[in-house]
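Every number for a ligand or one of its atoms is a count from 1 in the order of the listing.
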Amino acid sequence: MKNALQWKLWNLPFFDARHEEIESRMTVWRQNFPALEADIASLTLDEQCRAIARALGASGLLAYAVPDTGQGEIVDVRSVSAIREALAYDSALVDFVFAMQGIGSAAIWRHGSSAMQATYLDGVRRGTRIAAFAMSEPDGSSDVASLSTIARREGEHYVIDGVKTWISNGGIADQYIVIARTEDVPGSKGLSALLVDADTPGLSIESRIDIISPHPLATLRFNGCRVSAERLLGEPGAGFKLAMGTLDIFRTSVGAAAVGIARRALNETLDRVRSRKIFGVQMSDMDTVRMKIADMTLDLEAAAMLVYRAAWLKDTTDKPVTREVALAKLGATEAAQRVVDSAVQLFGGTGVTVGSVIERLYRDVRPMRIYEGASEIQKLIIGKRMLS
Ligand SMILES: Cc1cc2nc3c(=O)[nH]c(=O)nc-3n(C[C@H](O)[C@H](O)[C@H](O)COP(=O)(O)OP(=O)(O)OC[C@H]3O[C@@H](n4cnc5c(N)ncnc54)[C@H](O)[C@@H]3O)c2cc1C
């Protein structure tokens with residue numbers, strides 16, 4: 001069972017007939033994945049990411065994360081979430097590459113001029129251009145309104161100075177959406193979004209950051225980095241709203257990726273307890289083990305419901321869904337952490353052995369409670385919405 005996703009979107013009430021295509025696409029992707037994994041095994045992390053992006057582009061999957069809005073396409077959060085769940089089941093790195101192409105280009109397909117869309121999006125959709133989103137800074141990224149990177153208007157240009165850190169795809173990206181302060185207004189109203197090519201003079205990679213799960217990250221330095229004012233995305237001062245709009249689309253899908261990781265951990269654990277005997281009995285016959293499996297199942301299924309409810313609401317209503325999105329991200333990532341931790345416990349020493357699947361899942365799930373808004377930030381959003 002361990003390689004079987006056993007994934008039935010149709011058991012949830014949030015999908016309709018067009019989502020059937022996602023199940024069949026993901027079946028094909030998963031059949032081909034072992035060959036891709038073997039092909040890229042000896043490559044560096046950066047080369048792996050580029051190869052994965054090209055494979056995701058060739059498979060057509062990236063088109064779901066990078067819609068052709070010029071042709072009237074819109075992003076379908078249920079599709080993006082279902083794809084992320086299935087990708088993360090096999091590989092958090094592949095899931096990350098898929099998600100970043102969407103997050104790193106959303107400002108262009110949502111707010112970019114048709115010239116910008118024509119120049120940049122096709123390559124991102126085909127996986128031949130790597131996209132990135134640079135908002136976080138060294139002095140506390142949770143407080144987005146306090147960002148201090150400046151983009152000063154000089155005639156027909158903006159000149160950017162400042163430091164961005166924790167930037168996914170930093171160092172391998174071809175383009176960055178940069179959130180910087182353009183207006184002489186404190187707080188969130190002074191921020192704007194600019195599209196910056198990676199080879200623009202004045203933009204450099206200060207350092208790369210290694211974390212517990214394979215993930216290309218870097219600190220970027222902007223030092224008199226001059227870009228055309230036409231690179232502004234949306235209105236001046238609308239950068240905070242634009243960034244939150246991007247997160248409102250993709251935060252739900254972080255929850256979906258967490259569900260994929262939790263589902264893998266549960267399936268691996270079912271196999272393990274069925275095949276392992278301790279104290280002369282099958283682990284699967286022990287009531288305490290069965291209770292643990294019940295807790296893991298409850299967490300997983302509740303997480304999936306929160307995620308796909310938020311995705312369905314985002315797709316089908318114009319009303320604000322920030323509370324539901326925050327519940328999905330918070331609920332699913334926290335639940336997935338508990339599920340994976342229980343898996344480690346039931347695997348015993350094997351669960352913490354370097355190179356085992358469960359050990360990998362344990363490292364992969366942990367950053368999810370921090371990025372795209374830490375759990376505490378999601379709680380603040382939910383509490384505020386409940387009390388307003
Ligand atoms: C793997 C990974 C990928 C990332 N990718 C990107 C990217 O592509 N682009 C980008 O811009 N950023 C990215 N980030 C940055 C990420 O969004 C930030 O790490 C996150 O927002 C937290 O900011 P921080 O690390 O500066 O922690 P801080 O803001 O210093 O917060 C530290 C901790 O304090 C707690 N906390 C914060 N605020 C509050 C509060 N108000 N009340 C109570 N507790 C609070 C939380 O537990 C939080 O984790 C990434 C981070 C990681 C780990």
Is the shortest side-chain N to carboxylate O distance from Arg369 to Glu334 below 4.0 Å?
yes
Short N or O distance, Thr165 and ligand 1, threshold 3.5 Å exclusive
no
Over 12 non-hydrogen atoms of neighbours within 6.0 angstrom of CZ in Arg360
yes
Ligand 1 versus Glu372, non-hydrogen atoms closer than 4.0 Å: side chain, backbone, both, neither?
backbone
Ligand 1 and Asp143, any nitrogen or oxygen pair closer than 3.5 angstrom?
no
Nearest neighbour in protein (non-hydrogen) for atom 7 (C) of ligand 1:
Trp166 O, 3.3 Å
Side-chain contact, heavy-atom cut-off 4.5 Å: Met135 with Ser141?
no
protein heavy-atom neighbour closest to atom 36 (N) of ligand 1 works out as Glu376 CB, 4.3 Å
Distance filter under 4.0 Å to Ala374 heavy atoms, resulting ligand 1 atoms:
46 (C), 48 (C), 49 (O)
Quick one: does atom 51 (C) of ligand 1 have a protein heavy atom under 4.0 Å from it?
yes
Test of proximity, Ser142 against ligand 1: N or O pairs below 3.5 Å:
yes
So between Ile103, Ile167, Leu380, Asn169, whose heavy atom ends up nearest atom 41 (N) of ligand 1?
Leu380
Would you kindly check if the NZ (Lys) or CZ (Arg) of Arg263 is within the cone defined by 45 degrees around the ring axis of Tyr89 and under 6.0 Å from the six-membered ring centre?
no
Please list the nearest protein heavy atom to atom 20 (C) of ligand 1 with its residue and the distance rounded to 0.1 Å.
Ile370 O, 3.5 Å
Tell me: protein heavy atom nearest atom 21 (O) of ligand 1, and distance?
Ser141 CB, 3.8 Å
To which protein heavy atom is atom 5 (N) of ligand 1 closest, and what is the distance rounded to 0.1 Å?
Ser168 OG, 2.8 Å
Output field: ring centroids Phe98/Tyr64 closer than 6.0 Å
no
